[in-house]
Colleague: 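What follows is a structure written as structure tokens; I'll ask about it next.
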Amino acid sequence: MAHNGIELTKEDITTLAVEGIVNAANNSLLGGGGVDGAIHRAAGPELLAECQKLGGCPTGEARITKGYKLPATWVIHTVGPVWHGGTQGEPELLAHCYRNCFYLVREYSIMSIAFPAISTGVYGYPKDEAARIAVREARRYLAENENPAAILFVCFNDATRLAYQHALTTS
Ligand code: AR6
């Protein structure tokens, strides 16, 4: 489904033939479960070796590496906030993740980028609120750039798809 530069897809992010994919990582950048584990498995051990040189990443920031065995050329690793009820700056931190990823998208002239639903798995962020932030930041990036990358949001389960559809049609 297309929404002026934004598309939703169900596919495993590790299989997408886009220029860049975003990883929902943790502060160590040394791998984990969920989409992080899937990306490291598909990219192979060279990804971990590059990540080890980065010295971690604070919550809300982003780092870029090569994609190695992935179809994607680049992986942008960002660390979403753990949900603590919404009173510990979670919305701002999640917005920073998207903005810092888009900053790297621009810097590296990436023309297609796929995002997982950052923080909404293990980190427990409510899907609807997270989708609203993702859509808002994507629209801001699209509005502020003359030649923006195509943006793909990967909705790995039905609840995530509904949250994005809702955010796209009601905000
Ligand atoms: N492709 C696309 N989306 C996926 C895939 C995949 N292959 N696998 C899972 N998802 P999560 P978080 C979706 O838990 O909440 C890791 O251990 C999943 O359904 O991966 O930011 C890290 O190391 C959900 O919608 O990330 C951190 O410790 C979304 O990706 C922690 O989990 C995000 O779920 C980060 O937690």
Side-chain angles (χ1 to χ4, degrees), residues 1 6-45 47-52 54-65 67-86 88-102 104 112-135 137-138 150-168:
M1 189 176 33
I6 299 175
E7 261 185 73
L8 305 185
T9 179
K10 255 187 158 154
E11 271 152 272
D12 179 342
I13 203 165
T14 64
T15 66
L16 296 176
V18 286
E19 221 179 314
I21 65 171
V22 172
N23 182 16
N26 59 55
N27 295 122
S28 77
L29 296 184
L30 300 180
V35 71
D36 193 7
I39 288 173
H40 275 274
R41 274 194 300 278
L47 178 62
L48 181 59
E50 187 175 355
C51 285
Q52 277 165 343
L54 296 174
C57 178
T59 304
E61 293 190 17
R63 303 284 185 268
I64 192 164
T65 66
Y68 299 99
K69 289 184 184 152
L70 290 163
T73 308
W74 302 104
V75 180
I76 297 176
H77 307 261
T78 191
V79 184
V82 176
W83 180 255
H84 291 292
Q88 308 209 11
E90 295 95 327
E92 293 77 15
L93 287 166
L94 187 60
H96 277 119
C97 287
Y98 284 96
R99 282 183 216 162
N100 285 318
C101 288
F102 283 125
L104 289 169
S112 50
I113 182 80
F115 286 88
I118 300 164
S119 281
T120 67
V122 175
Y123 281 179
Y125 208 111
K127 291 180 175 45
D128 282 315
E129 289 174 41
R132 267 199 298 276
I133 291 169
V135 166
E137 295 305 325
I151 301 167
L152 226 58
F153 286 124
V154 180
C155 306
F156 211 50
N157 49 56
D158 289 340
T160 301
R161 172 170 282 267
L162 281 174
Y164 276 90
Q165 280 172 345
H166 195 241
L168 284 164

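Atoms within each ligand, like the ligands themselves, are counted from 1 in listed order.
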Colleague: Given side chain to side chain contact (heavy atoms under 4.5 Å, CB included), test V154 with E11 step by step and report yes or no.
Modeller: CA-CA 7 Å; V154 180; E11 271 152 272; 5.8 Å; no
Colleague: Can you tell me the protein heavy atom closest to atom 7 (N) of ligand 1 and the distance?
Modeller: D12 OD1, 2.9 Å
Colleague: Of all the non-hydrogen atoms in the protein, which one sits nearest to atom 20 (O) of ligand 1, and at what distance?
Modeller: V35 N, 2.8 Å
Colleague: Quick one: look up the protein heavy atom nearest atom 1 (N) of ligand 1 and list residue, atom name and how far away it is.
Modeller: I13 N, 3.0 Å
Colleague: Have a look at ligand 1 and work out which part of V122, if any, has a heavy atom under 4.0 Å from it: side chain, backbone, both or neither.
Modeller: both
Colleague: Could you tell me, atom by atom, which parts of ligand 1 come under 4.0 Å of a heavy atom of G32?
Modeller: 17 (O), 23 (O)
Colleague: Closer than 4.0 Å to some heavy atom of N157 - which atoms of ligand 1 meet that?
Modeller: 19 (O)
Colleague: Where does T14 meet ligand 1, judged by heavy-atom distances below 4.0 Å: at the side chain, the backbone, both, or neither?
Modeller: neither
Colleague: Is there a nitrogen or oxygen of A117 sitting under 3.5 Å from a nitrogen or oxygen of ligand 1?
Modeller: no
Colleague: Determine whether a donor-acceptor pair (N or O, by modelled atom type, separation under 3.5 Å) exists between the side chain of E90 and the backbone of H84.
Modeller: yes
Colleague: With under 30° as parallel and over 60° as perpendicular, where do the rings of H77 and H40 fit, or are they tilted in between?
Modeller: tilted
Colleague: For atom 13 (C) of ligand 1, which protein heavy atom lies nearest, and how many Å away is it?
Modeller: F156 CB, 3.9 Å
Colleague: Examine the proximity of ligand 1 to Y123 and report which part, side chain or backbone, both or neither, has a heavy atom under 4.0 Å away.
Modeller: both
Colleague: Taking only heavy atoms of D36 into account, list the atoms of ligand 1 that are under 4.0 Å away from them.
Modeller: 22 (C), 23 (O)
Colleague: Please list the nearest protein heavy atom to atom 21 (O) of ligand 1 with its residue and the distance rounded to 0.1 Å.
Modeller: S119 N, 2.8 Å
Colleague: Considering the options T9, T14, T15, which one meets the side chain to side chain donor-acceptor pair (under 3.5 Å) requirement together with D12?
Modeller: T14
Colleague: Among protein heavy atoms, which lies nearest atom 2 (C) of ligand 1, and at what distance?
Modeller: V154 CG1, 3.5 Å
Colleague: Go through the steps for N27 and T59 under the test side chain to side chain contact (heavy atoms under 4.5 Å, CB included), then give the verdict.
Modeller: CA-CA 7 Å; N27 295 122; T59 304; 3.2 Å; yes
Colleague: Among all protein heavy atoms, pick out the one at the shortest distance from atom 15 (O) of ligand 1; state its residue, atom name and that distance to 0.1 Å.
Modeller: G121 N, 2.8 Å
Colleague: Is it the case that ligand 1 has an N or O less than 3.5 angstrom from some N or O of A24?
Modeller: no
Colleague: With heavy-atom distances below 4.0 Å as the criterion, list the atoms of ligand 1 near A38.
Modeller: 7 (N)
Colleague: Among all protein heavy atoms in this structure, tell me which lies nearest to atom 16 (C) of ligand 1, with the distance rounded to 0.1 Å.
Modeller: G33 O, 3.4 Å
Colleague: To the closest 0.5 Å, what do you measure between CD1 (I133) and CD (E92)?
Modeller: 8.0 Å
Colleague: Given E129 and W83, is the side chain to side chain contact (heavy atoms under 4.5 Å, CB included) satisfied, shown in steps?
Modeller: CA-CA 11 Å; E129 289 174 41; W83 180 255; 3.6 Å; yes
Colleague: Working to the nearest 0.5 angstrom, can you tell me the gap between Y123 OH and N26 CG?
Modeller: 4.5 Å
